[in-house]
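Hydrogens, waters and symmetry mates are skipped; everything else that's a heavy atom, side chains included, is used. Index from 1, following the sequence.
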Amino acid sequence: QHLSPRVDLITCVSPAVKEVFDKVPFFDADKAVVVGKGHEVAWYEGIEALDLQETFGIPTQKITIAVVANARRMKGMNYLTAAIRKLPDGLPLHFLFIGRGLDSKANVRELGQSGYADHITFAGFRKDVLRLLKAADVSVLPSVKGEGLSKVLLESMFLARPTIMTSIGGNRHLGVDGETALIVPPRDVAALAAAIERIVIDEELRSRLGPAGRAYVEEHFSAEVSAAELDRVYRRFLGLLF
């Protein structure tokens, strides 16, 4: 339907989505424009962190790494489980998996063979994801494709959680590697493991990335920015019509 000649304008949540349209033969690239799906900063005010020790028994001295996703191949969970198996033993961390299907037999088997088998919690589907993210020390999303604009990454960064993401198209403009997030190549198990180890052992890095990530998304992905972009697009579009 998007390619119907009757469609005059397509708004895309990220440059990666626009690129998909632009590569279609005979498609008029001027039809597709980028309007980020901004978030209202006020949505994240007053979010109270859940007590992870009380709820899941996660020790307070552990660095809790939240992984929020539903079990789809595009989310790259097999690369994450492989990365966890590569981590050196003894890191003070605990993984909190949040979402449907992450406790699959394959994931449980792979994680059971790691040195952190006793430091993993599967929370399943939750309606209080923001409270869980606020309580976590780090947020990781190892997606390999298919992210137009990741809601989980935006939520994590608006909550000032230090974030590890992959350099797929939809994440390309969500952060600056080493400044506002750690960004690793998709499907790169060694790079993902190294990023996890680095963020766990470097307290200064965590304390710096969290606020820097929040400042970045507030500047580039606020509802006000999206409204201004949409206003500009509609004015240009109406100007072409009239």
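- Note: Phe21 and His2 meet the aromatic proximity criterion, with ring centroids under 6.0 Å apart.
- Using cut-offs of 30° and 60° for the angle between ring planes, the Phe158 and His39 rings count as parallel.
- The closest donor-acceptor contact from the side chain of Ser139 to the backbone of Ser156 lies at 3.5 Å or more, if one exists at all.
- Counting heavy-atom neighbours within 6.0 Å of Lys145 NZ, excluding the residue itself, gives a total of 12 or less.
- For the pair Thr81 (side chain) and Leu111 (backbone), a donor-acceptor distance under 3.5 Å is absent.
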Step-by-step side chain to side chain contact (heavy atoms under 4.5 Å, CB included) determination, Asn171 to Leu174:
CA-CA 5 Å; Asn171 297 346; Leu174 274 179; 3.9 Å; yes
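- The shortest side-chain heavy-atom distance between Lys62 and His119 falls under the 4.5 Å cut-off.
- The backbone N or O of Pro186 lies less than 3.5 Å from no partner atom in the side chain of Thr166, so there is not a single donor-acceptor pair.
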Does the pair Glu147 and Lys75 meet the rule for a salt bridge (charged side-chain N to carboxylate O under 4.0 Å, His left out), with working shown?
CA-CA 9 Å; Glu147 300 282 3; Lys75 296 298 182 181; 2.7 Å; yes
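- The closest donor-acceptor contact from the side chain of Lys31 to the backbone of Leu9 lies at 3.5 Å or more, if one exists at all.
- Side-chain contact check for Thr121 and His94: at least one donor-acceptor pair (N or O, by modelled atom type) lies under 3.5 Å.
- Salt bridge Glu19/Arg172: present, at least one basic N to carboxylate O contact under 4.0 Å.
- Evaluated for a side chain to side chain contact (heavy atoms under 4.5 Å, CB included) with Ile63, the options Val138, Ile199, Ile201 yield exactly one hit, Val138.
- With hydrogens and angles ignored, the 3.5 Å screen pairs no side-chain donor or acceptor of Asp177 with any backbone N or O of Leu182.
- For the pair Ser207 (side chain) and Leu205 (backbone), a donor-acceptor distance under 3.5 Å is absent.
- Contact between Phe97 and Ile84 at its shortest, heavy atoms only, is CZ-CD1, 4.1 Å.
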Any chance you could lay out the side chain to side chain contact (heavy atoms under 4.5 Å, CB included) test for Asn107 and Met77, step after step, and finish with the verdict?
CA-CA 8 Å; Asn107 284 348; Met77 289 300 133; 4.2 Å; yes
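- At least one donor-acceptor pair under 3.5 Å links the side chain of Ser226 to the backbone N or O of Gly36.
- Between Glu110 and Arg85 a salt bridge is recorded (basic side-chain N to carboxylate O distance below 4.0 Å).
- Taking a 6.0 Å sphere around CD of Glu203, one finds it holds 12 or fewer heavy atoms contributed by other residues, nucleotides or ligands.
- Residues Leu154 and Tyr44 are not in side-chain contact: their nearest non-hydrogen atoms beyond the backbone lie 4.5 Å or more apart.
- Checked by atom type and distance alone, the side chain of Arg208 pairs as donor or acceptor with a backbone atom of Gly178 at under 3.5 Å.
- In Gln61, the CD atom is crowded: over 12 heavy atoms of neighbouring residues, nucleotides or ligands sit closer than 6.0 Å.
- A donor-acceptor pair is defined here as one N or O able to donate and one able to accept, closer than 3.5 Å; no such pair exists between the side chain of Arg126 and the backbone of Ile98.
- Within a 6.0 Å radius of CD in Glu204, more than 12 heavy atoms belonging to other residues, nucleotides or ligands are found.
- The backbone N or O of Arg131 sits nowhere less than 3.5 Å from a side-chain atom of Asp128 that would complete a donor-acceptor pair.
- A donor atom on one side chain and an acceptor atom on the other are not found under 3.5 Å apart for Ser222 and Glu218.
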Could you check Val67 against Leu80 for side chain to side chain contact (heavy atoms under 4.5 Å, CB included), going step by step and ending with a plain yes or no?
CA-CA 10 Å; Val67 183; Leu80 177 58; 3.8 Å; yes
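- Looking only at side-chain heavy atoms (C-beta outward), Tyr216 and Val176 come within less than 4.5 Å of each other.
- Annotation for Ser167 and Pro185: closest pair OG-CA, 3.5 Å, computed over non-hydrogen atoms.
- A salt bridge does not link Arg206 with Asp202: none of the charged nitrogens is closer than 4.0 Å to a carboxylate oxygen.
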